[in-house]
Amino acid sequence: MARLIDELRKLPGIGTKTAQRLAFHVLRSPGEDADALADAIREIKKHLRLCSVCNNITDVDPCHYCSNPVRSHRLICVVEEPTNIATVERTRSYNGVYHVLHGTLSPIGGVGPEQLRIRNLLTRLEDVDEVILATSPTIEGEATAGYIAGELRRVKSGVKVTRIATGVPAGSDIEYADEVTMTRAMEGRREF
């Protein structure tokens, strides 16, 4: 039981108490459920990998975004995590390729540029016209976007580096927007 708890604690966001609850849940569950969980973990490790081009999770290399000739390879959207790709794809307005960092800069968390997948982004710039920085509007996301923008300009002068707009979310009330959100909304305004 102690070994299972220790292994579960290695998962992000899982502390000792949650690991204990999960371990006891597995213990109380039917053997078939535990086997199914173990099989699912083995299968994902066996069949999924990171794309050698963009770092997305894939079962083929390169992934279907990077190998799709219809997508614009002159436009790269940089995201923090593979799950962010689905959010961009839901807009049905983006037809470029992606680059997944697998995190953000976080000096307090011990995450520096070396821990992110920035280096292979810098090798992809030869035929790229624009890089869109689509990191979250958090302190870490902003710091990451700023760092990458500097590196992109250092490696390839003339590459267009853009940042996704931020501001008041659709469907919300301006009354509840904080100062930073409202400032960004005003700065990102466009002609109507």
Side-chain angles (χ1 to χ4, degrees), residues 1-71 73 76-124 131-145 147-148 164 169:
M1 186 63 114
R3 179 173 171 225
L4 178 58
I5 291 169
D6 286 342
E7 293 303 318
L8 290 168
R9 282 185 41 224
K10 293 177 183 177
L11 296 171
I14 304 292
T16 303
K17 293 228 184 251
T18 301
Q20 288 171 341
R21 274 195 305 277
L22 291 170
F24 280 106
H25 175 78
V26 169
L27 180 65
R28 287 189 300 268
S29 298
E32 304 84 49
D33 289 354
D35 290 340
L37 176 61
D39 288 344
I41 292 170
R42 272 192 289 281
E43 286 295 310
I44 198 168
K45 292 301 288 178
K46 182 178 177 182
H47 295 292
L48 295 183
R49 64 186 71 65
L50 297 183
C51 174
S52 61
V53 178
C54 73
N55 308 311
N56 189 19
I57 297 171
T58 182
D59 58 347
V60 294
D61 190 23
C63 72
H64 71 275
Y65 297 112
C66 291
S67 61
N68 186 338
V70 176
R71 297 189 83 93
H73 292 262
I76 298 175
C77 180
V78 177
V79 295
E80 294 173 14
E81 299 293 343
T83 53
N84 300 149
I85 292 175
T87 304
V88 176
E89 285 295 299
R90 276 196 302 270
T91 69
R92 292 190 171 98
S93 63
Y94 179 72
N95 195 36
V97 292
Y98 295 94
H99 188 85
V100 183
L101 299 171
H102 290 274
T104 55
L105 295 175
S106 176
I108 293 173
V111 180
E114 312 78 35
Q115 283 74 45
L116 301 180
R117 289 171 169 84
I118 297 171
R119 190 171 293 125
N120 66 331
L121 170 63
L122 302 176
T123 64
R124 299 176 62 188
V131 177
I132 303 167
L133 301 173
T135 55
S136 298
T138 60
I139 293 171
E140 294 86 0
E142 293 291 337
T144 303
Y147 177 83
I148 292 172
I164 57 169

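Here the structure is a predicted model, which means the values were calculated and not measured.
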Within the distance-only criterion (no hydrogens, no angle test), does the side chain of [X] pair as donor or acceptor with the backbone N or O of [Y] below 3.5 angstrom?
X    : Y    : result
R49  : D59  : yes
T58  : D61  : no
H73  : N68  : yes
Y94  : C77  : yes
E80  : G141 : no
R9   : G15  : no
E142 : I139 : no

Please report the shortest heavy-atom distance between [X] and [Y], naming the atom on each side.
X    : Y   : value
H99  : V53 : ND1-O, 4.0 Å
H102 : P82 : CE1-CG, 3.6 Å
P69  : S67 : CD-O, 3.2 Å
M1   : A23 : SD-CB, 3.6 Å
H25  : S29 : O-OG, 2.7 Å

If you round to the nearest 0.5 Å, how far is [atom2] of [Y] from [atom1] of [X]?
X   : Y   : atom1 : atom2 : result
L8  : T16 : CG    : OG1   : 11.0 Å
Y98 : C63 : OH    : SG    : 10.0 Å
K17 : R21 : NZ    : CZ    : 8.5 Å
E81 : N56 : CD    : CG    : 11.0 Å
I5  : I14 : CD1   : CD1   : 12.5 Å
N55 : L50 : CG    : CG    : 6.0 Å

Side chains of residues 31-40: which donor-acceptor partners sit under 3.5 Å, not counting sequence neighbours?
unit_1 : atom_1 : unit_2 : atom_2 : d
D39    : OD1    : R42    : NH2    : 2.9

Validation row: [X], [Y] side chains within 4.5 angstrom (heavy atoms):
X    : Y    : result
Y147 : P113 : yes
L105 : E140 : no
V97  : R124 : yes
T104 : T138 : no

Got more than 12 heavy atoms from elsewhere within 6.0 Å of CD1, I44?
-> no
Could you go through the side-chain contact (heavy atoms from CB on, under 4.5 Å) check for L101 and I148 one step at a time?
-> CA-CA 10 Å; L101 299 171; I148 292 172; 3.6 Å; yes
What's the verdict on side-chain contact (heavy atoms from CB on, under 4.5 Å) for L22 and L11, showing C-alpha distance, side-chain angles and the deciding distance?
-> CA-CA 12 Å; L22 291 170; L11 296 171; 5.6 Å; no
Under the side-chain contact (heavy atoms from CB on, under 4.5 Å) rule, collect the residues that match up with I108, sequence neighbours excluded.
-> none
